[in-house]
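Worksheet: the structure to be examined is printed underneath.
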Amino acid sequence: MSHDEIARRDGDHAEEPIVNPGMHEHQPRPTDIDDVAGRRAERQVATFFGLSSVMAILFCVAYFTFDIGDEPDLFLGYGASNIFLGLTLGLALLFIGIGAIQWARKLMSDVEISEARHPSRSSDEDRDIALSALNQGIADSAIGRRPLIRNSLLGALGALGLPAIVALRDLGPLPGTALEQTVWRKGMRVVNDVSGTPIKAEQMEIGQLVNAEPGIFFAVDEEGEPVVEGVELQQEKAKAAVILVKMRPEDITPYPNRENWGVEGVLCYSKICTHVGCPISLWEQQTHHLLCPCHQSTFDLADNGKVIFGPAARALPQLPLMVDDEGYLVAQSDFPEPVGPSYWERG
Amino acid sequence: MRLLTDRLAARLSRGRRGRYAGVVVLMLGLLVTGGAYAVLSPAQASDEAADQSTVDQGRALFLVGCASCHGKNGEGVTLQNGNQYGPPLAGVGAAAVDFQVGTGRMPMARPGVQAPKKDVLYSEEEISALAAYVASLGPGPAIPESDAYDPLAIPEEDREEAIVRGGEFFRTNCTACHNFAASGGALPGGKYAPSLRGVSDKHIYEAMLTGPQQMPVFSDEVLKSEEKRDIIAYLNSIEDAPRYGGGNMGAFGPVSEGLFAWLVGIGACVGFAVWIASSSTRSKKGTQS
Amino acid sequence: MSHATTNGAKAATAKRANPLGGLLTWADDRTGLAAVSKKQIRKVFPDHWSFMLGEIALWSFVVLLLTGTFLTLWFKPSMAEVVYDGSYDQLRGLHMSEAYASTLDISFDIRGGLLMRQMHHWSAMLFIAAMFVHMMRVFFTGAFRKPRELNYLIGLLLLLLGVIEGFAGYSLPDDLLSGTGLRIADGLVKATPVLGTYMSFFMFGGEFPGDVIIPRLYIVHVLLIPGILLALIGLHMLLLVYQKHTQWPGPGRTNNNVVGYPMLPVYAAKAGGFFFIVFGVTALMGGLLSINPVWRYGPYNPAEVTAGSQPDWYMGFAEGLLRIMPGWETHIFGFTISWNVMLPGQIIPVMFLAAMLAYPFIEAWITGDKREHHLLQRPRNAPTRTAFLVSLMTAYGMLWMAGGNDLLAVIFNLNLNYITYFMRVMVFVAPVVAFIVTRRWCISLQRQDEARLLHGYETGVIMRSPEGAYAEKHLPISGDEAYTLTARDRDPLLPAPTAADENGVAARHVRLHRLRARLSRAWFAHNVQKPTTTELEEARHHAEHELAVRDDGHQHVSGDYTGDYELDGHAADGHQFDGRHGVSGEELRQH
């Protein structure tokens with residue numbers, strides 16, 4: 001502590017309007033002076049510890065008693081195993097804790113101790129020694145006098161950053177145009193999700209919503225293996241999922257170039273929100289609004305998927321529809337724009 | 001730990017977990033099937049005269065209870081600003097009436113963005129009369145037969161598979177609005193998707209079939225009748241399923257969990273901390289708070 | 001101070017063999033442990049409930065390590081597709097990732113597995129919540145001031161890492177909810193200018209969702225971040241031990257000492273006991289309250305979503321930001337800037353963090369305070385700081401509510417859209433209102449303290465004077481309380497620098513100084529300083545003088561009467577103050 005500091009602290013102290021009365025004398029607790037109270041406290045603590053052991057044993061009993069799995073044992077409609085394991089373990093732990101605290105509060109010495117503080121900094125002397133040692137070390141290395149060594153070393157260490165970054169290159173492929181395309185192609189059937197049944201426009205009623213997928217997700221090759229499966233299926237589904245909705249044709253106000261994108265009032269939109277990509281299917285059939293459950297962007301599907309509320313900035317991409325020879329709904333083409341959240345190169 | 005009957009029940013109804021749930025469901029199934037048969041089969045007997053009298057009775061009820069909003073002939077009432085006070089009812093079908101009136105949504109107590117579920121005002125007979133009258137206004141979906149919606153109609157050996165499939169349909173078509181645990185969710189403008197807990201099988205089926213209010217229609221051609229029944233089977237199975245992990249705090253997901261972490265978890269720990277740091281009996285002097 | 005070690009040393013040479021002493025000698029022979037630990041064994045820690053909030057976080061972290069290790073014994077961090085064949089009927093036969101299937105196995109086929117999963121999740125929520133309340137305590141009481149700025153920064157880093165760690169853990173089970181969370185994270189990453197799509201493809205090993213994100217998050221979750229957390233927690237504790245804990249001012253408690261109980265045995269018992277209590281509370285919660293029932297959500301499917309898709313609570317404010325943000329997007333030169341995602345997802349959270357990180361240094365600069373502080377401030381005695389944090393908390397709370405706007409709408413029958421509009425305004429207005437209200441509130445509390453010092457406390461005894469005026473009697477507060485109230489610094493107001501130099505550089509300095517002086521004045525404006533010795537004296541004289549006048553005026557004096565009327569301990573009936581008795585002995589003061 002520097003002299004200045006001490007002086008100021010003393011000065012502060014002198015300014016104090018009320019003098020520090022100092023620590024109080026220790027006042028004994030009942031357990032300090034009364035043997036009976038002391039023994040009672042001892043019994044309390046021991047009881048808690050004892051109860052804890054009982055609970056630990058009960059935990060083991062519960063572990064082996066209650067079945068889980070296919071036919072779990074129940075207790076008032078709850079999973080008995082979880083409830084009793086939790087209860088017994090929790091109480092076993094709590095009782096140890098409560099016992100220890102009670103011990104500290106009632107029986108351990110509760111005389112308050114005062115310990116002096118020291119400033120966090122080291123003494124000036126220590127600082128000087130450390131500083132001169134540091135300077136000596138630097139001087140001995142001659143790094144100041146030989147800048148070539150210093151600079152080339154800095155260059156070499158900097159260059160090491162390149163391998164560190166380059167080595168991470170294979171974390172994933174480059175995006176390329178992957179985000180601009182989906183599996184939708186001209187003539188691909190729009191089929192019901194989960195069941196995979198193709199859909200005709202007349203099968204849908206006004207106000208109907210169908211959560212749909214491209215037909216290829218349900219296609220199988222000659223050997224009966226799915227054409228798209230596993231990771232690829234998940235990745236394609238994350239872009240290609242769509243919804244079909246049917247409205248009264250007179251309610252729909254398509255853009256001029258979209259007049260033939262629907263079939264008998266049935267329109268098809270991407271299911272992937274243009275905000276951050278949640279699948280949206282909260283379809284209000286009377287207002288023709290589609291709400292995203294994640295961040296509440298709302299799109300008007302009668303009006304080309306325009307955003308009418310919420311954080312999304314872009315209209316929901318629409319998939320142009322037509323019917324095939326058998327009268328089933330099929331795509332006219334892939335989506336005319338990238339689906340899902342915006343990104344820098346999207347334009 | 002277990003009673004013999006329980007094992008029996010478990011064997012009878014694999015997948016149901018309540019102690020007597022198997023037996024109860026079996027009895028209930030028999031009762032419902034029998035009851036439904038008793039109620040429904042006469043209605044379907046094509047007795048023209050009886051039909052006509054039901055329709056007339058329905059019309060009488062309609063004029064008293066519904067016509068003020070839906071018009072005397074169910075043609076709907078349009079306000080001057082073009083909004084609909086009550087929509088036209090031609091073509092909504094008997095199923096829609098059975099759902100709306102059978103869950104107490106209709107008649108509405110007051111105009112609002114959405115008709116809430118409330119006490120049912122009409123008797124079974126009156127509801128079928130109303131349904132018969134509205135059905136006579138134009139062709140629409142009929143009240144489904146119990147085989148269509150009752151999961152017990154699914155053959156025993158297929159039931160488990162049906163429940164799994166129903167779960168898939170449920171998560172694809174329903175959870176977006178009704179929540180993963182069927183607890184319901186919000187829609188724009190003060191509207192909401194109601195909770196599905198405690199709703200009868202028939203009403204769930206009718207709702208999918210007719211698309212009440214903002215709910216989209218799921219017509220039988222696209223979401224097949226059996227697929228709807230699978231969804232109902234799944235819903236029943238999760239409603240009967242034990243709460244494996246303890247109280248579910250409303251089954252609203254992470255928000256209620258966070259609330260409990262603060263109120264119960266931090267609350268209890270801080271409570272203990274206060275106890276630990278409080279000075280014991282002698283005196284409170286010398287400590288600051 | 002060094003009982004234990006001397007005991008140890010003695011016992012080693014004593015006749016009776018003490019196994020503990022023997023062990024200590026053995027260890028000290030090799031490590032010189034005694035020299036290091038002689039001061040630590042009886043190290044003093046002050047006792048206050050608010051000093052144990054950080055402990056909740058520490059012990060939750062231990063519970064996380066224990067339960068997490070249990071879970072790793074069965075969890076398979078793989079996105080390979082398997083057909084589920086476990087005990088949960090409703091999902092049997094479905095295709096799902098191994099990660100999800102093994103999570104179901106832990107929940108349904110391993111005894112105690114569900115309990116451990118739930119405990120792990122609950123303690124994660126508690127871990128971060130406890131760090132929050134601990135940080136609030138440190139902030140409100142000024143414990144971050146010199147020399148503890150570094151430890152404050154470490155603490156904030158721990159909080160940040162804890163949140164990232166929590167999000168990684170939330171994503172591991174690969175259920176519908178965690179997949180939706182990852183999808184949103186993917187959207188946030190993609191919104192990054194220039195690099196967005198590249199970062200997304202490198203994270204997911206290609207297009208979302210890919211099959212590498214879960215193994216990658218797994219190693220981050222079980223090794224990388226816990227390792228850093230452990231190291232930083234160690235550093236946090238080391239600095240705490242070196243700098244010694246702060247304490248509240250009070251009789252005998254000064255800036256130069258620390259008063260409390262020794263590490264061994266009291267603090268060891270209390271802290272150790274608290275570990276078991278935190279562990280026990282977590283176990284009870286894990287046993288009785290269901291958390292993250294992954295079987296209900298189903299396996300992740302990019303075409304599915306559920307209402308009520310929310311992150312865990314600590315990400316709730318970011319969720320709220322995303323929800324209330326208007327849909328702004330700029331298209332320029334064929335590129336897209338997604339303000340609607342970038343601002344709430346990247347820029348504002350970083351700004352929140354930066355504000356918290358920079359705060360101690362900004363405050364020190366404005367106040368010009370370079371002293372070491374070991375005595376805590378009551379929040380009221382730093383009104384601007386208290387108001388600043390309260391306004392930040394208010395903003396956080398608003399965003400938090402906005403993050404659950406759908407549930408607010410359902411539960412309280414509100415209009416979803418109106419909540420969003422309301423929050424868009426309130427997120428700006430409420431913090432300002434909170435700031436002003438809190439600041440004034442603190443200042444009036446300071447005034448109340450001053451009144452207690454100068455005029456004593458309100459006895460609740462109303463006296464009527466012969467003229468018919470009513471006044472409440474005040475009695476002086478205890479010496480301890482008076483000392484405690486005055487044991488705080490006077491706010492150092494910086495004087496404005498007088499004149500500018502012709503020199504340009506100096507002039508800039510002057511401008512900076514002037515700004516600083518203005519800030520400092522605004523910072524301390526209206527704060528009530530503690531009374532000086534003279535003021536206290538004056539107040540006492542004034543009170544005595546008033547009483548004397550009153551007593552003389554009415555000839556009821558029995559001036560030397562010193563009754564033993566004391567209010568402490570028994571109810572006053574008012575006769576003590578009826579004016580017939582001399583009350584100078586009771587140091588009675590008029591308001």
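Computed over heavy atoms, backbone and side chain alike; hydrogens, waters and symmetry mates excluded. Each chain gets a letter, A, B and so on, in the order its sequence line appears, and its residues count up from 1.
In this structure, R314(A) contributes its side chain and E329(C) its backbone to no donor-acceptor pair below 3.5 Å. One N or O on the side chain of R323(C) and one on the backbone of C294(A) form a donor-acceptor pair closer than 3.5 Å. Without hydrogens or angle criteria, N256(C) side chain to R117(A) main chain gives no donor-acceptor distance under 3.5 Å. Counting only distance, with no hydrogens or angles, the side chain of Y483(C) and the backbone of G22(A) share no donor-acceptor pair below 3.5 Å. Although no hydrogens or angles enter the test, the distance criterion places a donor-acceptor pair under 3.5 Å between the side chain of N82(A) and the main chain of L115(C).
Distance check, rounded to the nearest 0.5 Å: CZ of R111(C) to OG of S81(A) gives 8.0 Å. For the atom pair D406(C) CG and H295(A) NE2, the distance stands at 10.0 Å (nearest 0.5 Å). The CG atom of L174(A) lies 5.5 Å from the CZ atom of F202(C); values are rounded to the nearest 0.5 Å. Between I324(C) atom CD1 and Q296(A) atom CD the span is 11.5 Å, to the nearest 0.5 Å. To the nearest 0.5 Å, atom CZ of residue F108(C) and atom CG of residue D70(A) are 11.0 Å apart. Between atom CD of residue E115(A) and atom NZ of residue K244(C) there is a gap of 5.0 Å, rounded to the nearest 0.5 Å.
Of the atoms belonging to E213(A), it is side-chain heavy atoms, and not backbone ones, that fall under 4.5 Å from chain C. With a threshold of 4.5 angstrom between heavy atoms, A241(A) approaches chain C through side-chain atoms but not through N, CA, C or O. For a residue to count as touching a neighbouring chain, one of its non-hydrogen atoms must lie under 4.5 Å from one of that chain's; by this rule Q243(C) touches chain A with backbone and side chain alike. If you measure heavy-atom distances from V307(A) to chain C, you find no contacts under 4.5 Å at all. Proximity to chain A (any heavy atom under 4.5 Å) is restricted, for I110(C), to the backbone atoms N, CA, C and O. For chain A, the nearby part of Y242(C) is the side chain; its heavy atoms alone come within less than 4.5 Å. Looking at R148(C), only its side chain comes within 4.5 Å of chain A, counting heavy atoms on both sides. Both the backbone and the side chain of F64(A) have a heavy atom closer than 4.5 Å to some heavy atom of chain C. Of the two parts of Q235(A), the backbone and the side chain both hold a non-hydrogen atom closer than 4.5 Å to a non-hydrogen atom of chain C. Of the atoms belonging to Y421(C), it is side-chain heavy atoms, and not backbone ones, that fall under 4.5 Å from chain A. Of the atoms belonging to L282(A), not a single heavy atom falls under 4.5 Å from chain C. Heavy-atom distances place the side chain of F309(A), and not its backbone, under 4.5 Å from chain C. In this structure, the portion of S109(A) lying under 4.5 Å from any heavy atom of chain C is its backbone and not its side chain. Only the side chain of N405(C) comes within less than 4.5 Å of a heavy atom in chain A; its backbone stays farther off. Both the backbone and the side chain of T486(C) come within less than 4.5 Å of a heavy atom of chain A. Heavy-atom distances place no part of M203(C) under 4.5 Å from chain A, backbone and side chain included. Within the 4.5 angstrom heavy-atom criterion, atoms from both the backbone and the side chain of P209(C) approach chain A. Looking at K43(C), both its backbone and its side chain come within 4.5 Å of chain A, counting heavy atoms on both sides. No part of T534(C) comes within reach of chain A, as not one of its non-hydrogen atoms sits under 4.5 angstrom from that chain. At a 4.5 Å heavy-atom cutoff, the contact between E319(C) and chain A is made by backbone and side-chain atoms alike. There is no contact between S97(C) and chain A, counting heavy-atom distances below 4.5 Å. For A178(A), the parts lying near chain C are the backbone and the side chain together; criterion is any non-hydrogen pair under 4.5 Å.
Below 30°, between 30° and 60°, or above 60°: for W344(A) and F335(C) the angle between ring planes is below 30°, a parallel geometry.
Side-chain contact between I101(A) and I277(C) is present, with heavy atoms from C-beta onward closer than 4.5 Å. Side-chain atoms of F208(C) and Q234(A), non-hydrogen and from C-beta on, never get closer than 4.5 Å to each other. Residues V276(A) and L188(C) have side chains in contact (heavy-atom distance under 4.5 Å, counting atoms from C-beta outward). A 4.5 Å side-chain heavy-atom check between P251(C) and P21(A) finds at least one atom pair inside the cut-off. The closest side-chain heavy-atom distance from V259(C) to S114(A) is below 4.5 Å.
Residues Y198(C) and Y343(A) keep their aromatic ring centres 6.0 Å or farther apart.
Highest contact tally toward chain C, considering only L233(A), T274(A), L179(A), is held by L179(A) [criterion: heavy-atom pairs under 4.5 Å]. Among the candidates P341(A), A116(A), A238(A), the residue making the largest number of heavy-atom pairs closer than 4.5 Å to chain C is A238(A). If you tally non-hydrogen atom pairs under 4.5 Å between each of S342(A), A312(A), S52(A) and chain C, the highest count goes to S342(A). In terms of non-hydrogen atom pairs under 4.5 Å with chain C, the most contact-rich of I272(A), V242(A), N211(A) is I272(A). No other option in C278(A), P311(A), A104(A), A100(A) has as many heavy-atom pairs under 4.5 Å with chain C as P311(A). Listed options K146(C), Q310(C), R216(C) were ranked by heavy-atom pairs under 4.5 angstrom with chain A; first place goes to R216(C). Contact count versus chain C (heavy atoms, under 4.5 Å) is highest, among T88(A), L94(A), D170(A), for L94(A).
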| task | Any chance you could lay out the side chain to side chain contact (heavy atoms under 4.5 Å, CB included) test for V341(C) and H275(A), step after step, and finish with the verdict? | result | CA-CA 7 Å; V341(C) 183; H275(A) 178 222; 3.8 Å; yes
| said: For H95(C) and E229(A): C-alpha separation, side-chain torsions, deciding distance, then whether side chain to side chain contact (heavy atoms under 4.5 Å, CB included) applies. | reply: CA-CA 11 Å; H95(C) 288 255; E229(A) 62 176 337; over 6 Å; no
| field | side chain to side chain contact (heavy atoms under 4.5 Å, CB included) evaluation trace for K271(A) with V305(C) | value | CA-CA 11 Å; K271(A) 197 179 181 179; V305(C) 72; over 6 Å; no
| Between V231(A) and M79(C), does a side chain to side chain contact (heavy atoms under 4.5 Å, CB included) hold up when you go through it step by step? | CA-CA 8 Å; V231(A) 190; M79(C) 292 173 91; over 6 Å; no
